[in-house]
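For reference, the structure is listed below as structure tokens.
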Amino acid sequence: MAAFEMVVVGSGGGPDETNLSGYLLKPHNASWKDGIIALEAGSGLGALRHIMRRDPYIFRERPTDTPVTPLTVYSNVKCFLVTHAHLDHISSLVITAGALGGGKKRIYGSSQALRDLETIFSGRVWPRLASNDENSPYSYLVYHALHAESPYKVIFPNISVRLMTINHGMGLSGVYDGACYFIRHDPTNREFIFFGDVEPDSICAEPKNIAVWRAAAPKIPHDISTIFIECSYQIGRPVAQLWGHLSPEHLVQELLTLATEVVIARQARGSWSQRMQHLPAEALHGALRGVKVYITHCKEHFCTERPINHVIGDECRELLAPHRLGVELLTADQGMKIVF
């Protein structure tokens with residue numbers, strides 16, 4: 001039985017500003033009118049307007065429902081959940097601050113992501129329309145920090161999240177921390193994993209994705225059967241030019257790591273010495289059966305006849321096929337409605 005419903009407002013990673021990371025999410029058994037979680041906020045109102053021109057009934061829940069406007073939809077957003085404060089993940093949140101109805105809206109993210117947002121809502125880059133004060137009459141957005149060492153936190157009726165820190169390359173002061181979220185439908189304990197921008201563990205001085213996979217492994221596929229993860233570049237991208245992102249070779253390696261952890265969890269082999277043992281390739285066959293992985297954040301370079309995420313998706317599937325993990329690899333397309 002489905003636990004979630006999502007509309008993909010944008011799934012690209014730039015530089016096409018009309019298709020940036022933005023997903024609208026609700027519990028499957030709730031109404032869009034009851035409230036919405038905006039998961040990332042790169043593309044927003046403008047992108048949704050184009051989507052709704054093509055499909056005016058994308059938010060229809062009953063045959064008698066009439067089309068709504070993009071502004072009505074975004075006014076029903078109760079909170080934003082952001083992985084980090086790069087512009088392709090937060091630009092619509094900034095632009096629409098103060099322009100949406102529906103009262104104050106919370107912004108959930110890591111403490112560092114919220115501090116970065118404060119430099120934007122500083123009164124210089126953008127008006128000071130966000131703060132930590134729920135009672136401020138001038139704040140339309142309210143910061144609420146999530147902490148990686150904390151358990152699941154309720155952010156929305158029947159929805160809890162757990163933040164895990166991941167690497168997103170190097171910044172001016174060292175490693176740039178990103179975030180991965182375990183998003184749980186509390187009544188059913190169904191979850192999905194949503195990665196922000198992420199660097200492959202194989203090139204990190206301090207690998208962090210492995211902790212995500214180990215946390216997920218015992219729950220696959222009965223509680224976790226859906227994963228959203230980026231793959232920004234096509235096959236063959238030099239490691240020095242990944243800039244904290246994945247390419248198909250590295251995405252496949254990450255999925256092999258997950259499959260390994262799933263096999264270990266199922267066999268209840270938890271000691272360090274056992275984890276160091278090499279599993280034969282055939283031991284991973286079918287390990288991820290029942291899991292769907294949606295590829296996100298593909299970077300457009302305007303020189304492919306087909307959508308870039310479809311090109312990258314095909315490259316990933318070709319590399320993954322010989323491993324026979326059983327996973328279904330899909331692309332998150334702008335305008336798609338996903339029920340899972």
Side-chain angles (χ1 to χ4, degrees), residues 10-17 20-23 39-43 80-95 97 107-126 128 130-132 141 143-150 161-182 193-213 228-234 237-247 249-251 253-254 295-301:
S11 62
D16 179 359
E17 75 280 3
L20 301 174
S21 300
Y23 306 82
L39 179 53
E40 307 282 46
S43 287
F80 294 89
L81 179 62
V82 298
T83 59
H84 62 297
H86 282 166
L87 290 177
D88 56 321
H89 294 257
I90 54 96
S91 58
S92 73
L93 180 157
V94 175
I95 293 291
I107 307 174
Y108 290 99
S110 69
S111 296
Q112 184 59 62
L114 299 186
R115 285 194 296 269
D116 291 342
L117 272 171
E118 284 184 294
T119 67
I120 297 174
F121 289 111
S122 63
R124 297 291 300 174
V125 178
W126 205 252
R128 204 182 299 267
S131 77
N132 294 295
L141 301 168
Y143 302 124
H144 281 264
L146 300 172
H147 304 284
E149 68 274 12
S150 299
V161 301
R162 176 189 179 187
L163 181 155
M164 296 190 74
T165 302
I166 53 178
N167 294 312
H168 181 23
M170 299 295 292
L172 291 176
S173 57
V175 174
Y176 187 100
D177 286 341
C180 170
Y181 289 116
F182 285 64
I193 302 174
F194 187 92
F195 279 83
D197 297 357
V198 59
E199 187 171 54
D201 267 2
S202 59
I203 66 172
C204 291
E206 184 183 348
K208 295 179 180 177
N209 299 337
I210 183 63
V212 175
W213 302 136
F228 293 83
I229 188 168
E230 69 124 296
C231 191
S232 293
Y233 297 110
Q234 287 182 253
R237 180 87 173 183
V239 167
Q241 296 176 19
L242 286 175
W243 315 122
H245 294 289
L246 299 180
S247 62
E249 305 95 319
H250 299 288
L251 175 57
Q253 185 56 55
E254 293 293 338
I295 296 171
T296 67
H297 204 268
C298 300
K299 290 185 175 289
E300 183 61 71
H301 50 77

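Just so it is clear, the values below take in all heavy atoms, side chains as well, and ignore hydrogens, waters and symmetry mates.
- Closest non-hydrogen pair, H245 versus P200, comes out as O-CD, 3.3 Å.
- Nearest heavy atom pair, residue G10 against residue S43, reads CA-CB, 4.4 Å.
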What verdict does the side-chain contact (heavy atoms from CB on, under 4.5 Å) test give for I107 and I90, after you've listed the backbone C-alpha separation in whole Å, the side-chain angles of each residue and the deciding distance to 0.1 Å? CA-CA 10 Å; I107 307 174; I90 54 96; over 6 Å; no
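- For A130, the side chain to side chain contact (heavy atoms under 4.5 Å, CB included) criterion is met by F121, L141, Y143, not counting sequence neighbours.
- For E149, the side chain to side chain contact (heavy atoms under 4.5 Å, CB included) test picks out H147, with sequence neighbours left out.
- Distance check, rounded to the nearest 0.5 Å: CD1 of I229 to CG of N209 gives 6.5 Å.
- Considering all non-hydrogen atoms of both residues, A113 and A85 come closest at O-CB, 3.7 Å.
- Within the 4.5 Å cutoff, side-chain heavy atoms of N132 are placed close to those of E118.
- Taking CG from L163 and OG from S111, the interatomic distance works out to 9.0 Å, rounded to the nearest 0.5 Å.
- Residue I166 holds its CD1 atom at 5.5 Å from SG of C180, rounded to the nearest 0.5 Å.
- Note: S232 OG to L242 CG = 8.5 Å, rounded to the nearest 0.5 Å.
- Looking only at side-chain heavy atoms (C-beta outward), H250 and Y233 stay at 4.5 Å or farther from each other.
- What you find for D88 and L20 is that their closest heavy atoms are O-CB, 3.5 Å.
- A donor-acceptor pair under 3.5 Å is absent between the side-chain atoms of W213 and the main chain of A211, judged by distance alone.
- Here the side chains of V198 and L246 are in contact, with some heavy-atom distance below 4.5 Å.
- For the side chain to side chain contact (heavy atoms under 4.5 Å, CB included) test, residues two or more places apart in sequence or in another chain that qualify with L81 are I37, L39, Y108, L146, I155, V161, Y181, I183.
- In this structure E300 satisfies the side chain to side chain donor-acceptor pair (under 3.5 Å) test with no other residue, sequence neighbours excluded.
- Sequence neighbours left out, the pairs with a member in residues 201-213 that pass salt bridge (charged side-chain N to carboxylate O under 4.0 Å, His left out) are D177-K208.
- Take R128 and apply the side chain to side chain donor-acceptor pair (under 3.5 Å) test, not counting sequence neighbours, and it matches no residue.
- Put simply, the side chain of S91 gets close to the backbone of G42: a donor and an acceptor are under 3.5 Å apart.
- The ring pair (Phe, Tyr, Trp, His ring centres under 6.0 Å) test applied to H86 returns H84, H168, Y176, not counting sequence neighbours.
- Closest heavy-atom contact between E40 and S21: CB-O, 3.6 Å.
- The shortest heavy-atom contact between A148 and T165 is CB-OG1, 3.5 Å.
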How far apart are the C-alpha atoms of E230 and F195, what are their side-chain angles, what is the distance that settles it, and do they pass the side-chain contact (heavy atoms from CB on, under 4.5 Å) test? CA-CA 7 Å; E230 69 124 296; F195 279 83; 5.7 Å; no
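- For E199, there are no side chain to side chain donor-acceptor pair (under 3.5 Å) partners, not counting sequence neighbours.
- Residues V125 and T119 are not in side-chain contact: their nearest non-hydrogen atoms beyond the backbone lie 4.5 Å or more apart.
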Any chance you could lay out the side-chain contact (heavy atoms from CB on, under 4.5 Å) test for T83 and D197, step after step, and finish with the verdict? CA-CA 8 Å; T83 59; D197 297 357; 5.8 Å; no
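- Residues satisfying the side chain to side chain contact (heavy atoms under 4.5 Å, CB included) test with E249, not counting sequence neighbours, are I235, S247, L319.
- When the side chain to side chain donor-acceptor pair (under 3.5 Å) test is applied to Q112, the partners found at least two apart in sequence or on another chain are R115, D116.
- F228 CZ to Y23 OH: the interatomic distance, rounded to the nearest 0.5 Å, is 7.5 Å.
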